[in-house]
Amino acid sequence: QVQLVQSGGGLVQAGGSLRLSCAAHGRTFRIYAMGWFRQAPGKDREFVAAITWSSGSTHYATSVKGRFTISGDNAKNTVYLQMNSLKPEDTAVYYCAATYYSGSYDQSNEYDYWGQGTQVTVSS
């Protein structure tokens, strides 16, 4: 079992920056990858970014590439999402997720464990 505890988020003006953190607790040694997803009101949950724990390789949704950066600190079992040049359309609840297995990193059903979610609101 893995427990994911998120922090960060909040309200920022368009063009601003925020950083989200997600700390993993429990059987973290089995984690293969961690990802960030987001869900806006009335919309489906969508992939934002992912990182594989062993290799450090990263993947991004087209909508955030070049603006968001995912990174991990293995010693702290923590993954971060640095969000720059934020836009109003980035407004959503952001969730971190973890999986023990390799697979389609951009599919939410590939992830077994989820954080509690954190609100990000970008004002225009």
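Excluded from the calculations below are hydrogen atoms, water molecules and symmetry mates; all remaining heavy atoms, backbone and side chain alike, are included.
Residues passing the side-chain contact (heavy atoms from CB on, under 4.5 Å) test with Asp90, sequence neighbours excluded: Arg38, Arg67, Phe68, Leu86, Lys87, Tyr94, Val122. By the salt bridge (charged side-chain N to carboxylate O under 4.0 Å, His left out) test, Glu89 pairs with no residue at all, sequence neighbours left out.
One hydrophobic cluster holds both Trp36 and Val12 under the rule that ILVMFWY side chains link at heavy-atom gaps under 4.5 Å.
Thr99 places none of its side-chain heavy atoms less than 4.5 Å from the side chain of Tyr113. Inter-residue side-chain proximity for Val79 and Ile51 is flagged as met; some heavy-atom pair is nearer than 4.5 Å. By the 4.5 Å heavy-atom criterion applied to side chains, Ile70 and Gln82 are not counted as neighbours. Two residues are said to be in side-chain contact when any heavy atoms from C-beta on lie closer than 4.5 Å; Thr69 and Asn84 fail this criterion. Side-chain contact check for Tyr80 versus Arg19: some heavy-atom pair is nearer than 4.5 Å. Between Met83 and Leu20, some side-chain heavy-atom pair lies under the 4.5 Å cut-off.
Annotation: the span from Arg45 atom CZ to Asn109 atom CG amounts to 11.5 Å, rounded to 0.5 Å. Taking CG from Leu81 and CG from Leu18, the interatomic distance works out to 10.0 Å, rounded to the nearest 0.5 Å. Atom-to-atom distance recorded for Gln1:CD and His25:NE2 is 14.0 Å, nearest 0.5 angstrom.
Hydrophobic cluster membership for Tyr95: Phe37, Phe47, Val93, Tyr105, Tyr111, Trp114 (Ile, Leu, Val, Met, Phe, Trp, Tyr linked by side-chain heavy atoms under 4.5 Å, directly or transitively).
Remark: Asp44 CG is loosely packed, at most 12 non-hydrogen atoms of other residues, nucleotides or ligands lying under 6.0 Å away.
Nearest heavy-atom pair across Lys43 and Gln39 is O-NE2, 3.1 Å. Shown here for Leu4 and Cys22, the closest heavy-atom pair between the two residues is CB-SG, 3.8 Å. Between Ala24 and Val2, the closest heavy-atom pair is CB-CG1, 4.2 Å. Of all non-hydrogen atoms in Tyr60 and Ala49, the two that sit nearest each other are CD2-CB, 3.7 Å.
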Do Tyr101 and Arg30 pass the side-chain contact (heavy atoms from CB on, under 4.5 Å) test, and can you show the C-alpha distance, the side-chain angles, and the key distance before you say yes or no? CA-CA 9 Å; Tyr101 308 104; Arg30 293 188 59 188; 3.5 Å; yes
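Panel note: side chain Gln6, backbone Gly117; a donor-acceptor pair is recorded below 3.5 Å. With hydrogens and angles ignored, the 3.5 Å screen pairs no side-chain donor or acceptor of Ser104 with any backbone N or O of Asp106. Under the 3.5 Å distance criterion, the side-chain polar atoms of Ser124 are left unmatched by any main-chain donor or acceptor of Pro88. At distances below 3.5 Å, not a single donor-acceptor pair connects side-chain atoms of Thr52 with backbone N or O atoms of Ser54.
Under 3.5 Å, the side chains of Gln116 and Thr118 contain no donor-acceptor pair of N or O atoms. A donor and an acceptor atom, one from each side chain of Thr78 and Ser21, are nowhere located under 3.5 Å apart.
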